[in-house]
Amino acid sequence: MSDTIFHKIIRREIPADVVYEDEHLIAFRDIAPQAPVHVLFVPKTDIATLNDVQPSQADVIGRLHIAAADYAKDQGFAEDGYRVVMNCNGYGGQTVFQVHLHLLAGAPLGRFGTPK
């Protein structure tokens, strides 16, 4: 396994506010939240970027989304709405090179693509 901050969290080498974990993934609160709810869902499978996901690993990405949706339902904000985001590489905003999904909720998040 690689040695990003997320890998260290998975190995319990550094603390995190873990809100969910199973044999496939871990979810924890972001230390620099961009919304009132900002949880990161990280697979335990070592994959650096979305570009590196193989067709045989589609289940990894699916599990992240299902876990995020289940968390939103369990926490009671699914009906109000939420956003899931996966960044890829530098221009896409990825800063930790382990695939992960951001779950953002708890306030109106606005629209993408609105002209300035």
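Side chains included, hydrogens not; waters and symmetry mates left out as well; all remaining heavy atoms used. Owing to the predicted nature of the structure, the values given are computational and were not obtained by experimental measurement.
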Expected list for residues 81-88: side-chain donor-acceptor pairs under 3.5 angstrom, two or more places apart:
residue : atom : partner : partner atom : Å
R83     : NH2  : G110    : O            : 2.6

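Residues D3 and R11 are in side-chain contact: their nearest non-hydrogen atoms beyond the backbone lie under 4.5 Å apart.
Linking Ile, Leu, Val, Met, Phe, Trp and Tyr residues whenever their side-chain heavy atoms come within less than 4.5 Å leaves I66 and Y71 in two separate clusters. Residues F41 and V53 share a hydrophobic cluster, clusters being chains of Ile/Leu/Val/Met/Phe/Trp/Tyr side chains in contact below 4.5 Å. The same ILVMFWY cluster, assembled from side-chain heavy atoms under 4.5 Å apart, contains both L25 and L103. L101 and V42 end up in different hydrophobic clusters when Ile, Leu, Val, Met, Phe, Trp and Tyr side chains are linked at under 4.5 Å. A continuous path of ILVMFWY side-chain contacts below 4.5 Å connects L64 to V37, so both sit in one hydrophobic cluster.
Q98 pairs in a side chain to side chain contact (heavy atoms under 4.5 Å, CB included) with only one of the listed residues (L40, D46, T45, I9), which is D46.
Evaluation of the side-chain hydrogen bond (donor to acceptor under 3.5 Å, both in side chains) rule for H38 yields D30, H102 as partners, not counting sequence neighbours. Residues satisfying the side-chain hydrogen bond (donor to acceptor under 3.5 Å, both in side chains) test with D52, not counting sequence neighbours, are T49.
Using modelled atom types, one side-chain atom of H7 and one backbone atom of T4 make a donor-acceptor pair closer than 3.5 Å. Proximity of a side-chain donor or acceptor of Q34 to a complementary backbone N or O of A32 within less than 3.5 Å is detected. The main-chain N or O of A48 is found under 3.5 Å from a side-chain atom of Q94 such that the two form a donor-acceptor pair. Listed for the Q75 side chain is no donor-acceptor partner under 3.5 Å among the backbone atoms of F77. In this structure, the side chain of E13 does not engage the main chain of K8 through any donor-acceptor pair within 3.5 Å.
Contact check on E23 versus R63 returns no salt bridge, with no Lys/Arg side-chain nitrogen under 4.0 Å from an Asp/Glu carboxylate oxygen. A salt bridge does not link K73 with E79: every distance from a Lys NZ or Arg NE/NH1/NH2 to an Asp or Glu carboxylate oxygen is 4.0 Å or more.
With hydrogens and angles left out, the side-chain atoms of Y20 and D22 include a donor and acceptor closer than 3.5 Å.
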Go through F6 and I26 one step at a time and tell me if the side-chain contact (heavy atoms from CB on, under 4.5 Å) criterion holds.
CA-CA 9 Å; F6 294 168; I26 190 169; over 6 Å; no
### Message
The test is side-chain contact (heavy atoms from CB on, under 4.5 Å); show your working for V19 and R29 and say whether it passes.
### Response
CA-CA 7 Å; V19 298; R29 297 184 199 286; 3.7 Å; yes
>> Checking V60 against I47 for the side-chain contact (heavy atoms from CB on, under 4.5 Å) test, could you report, in this order, the C-alpha distance in whole Å, the side-chain angles of both residues, the deciding distance, and whether it holds?
In response: CA-CA 10 Å; V60 173; I47 306 170; 4.1 Å; yes
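The two atoms that bring P36 and G106 nearest to each other are CG-O, 3.6 Å, heavy atoms only. Scanning both residues, P43 and I10, for their nearest heavy atoms gives O-CD1, 3.8 Å.
No more than 12 heavy-atom neighbours from other residues, nucleotides or ligands sit within 6.0 angstrom of CD1 on I5.
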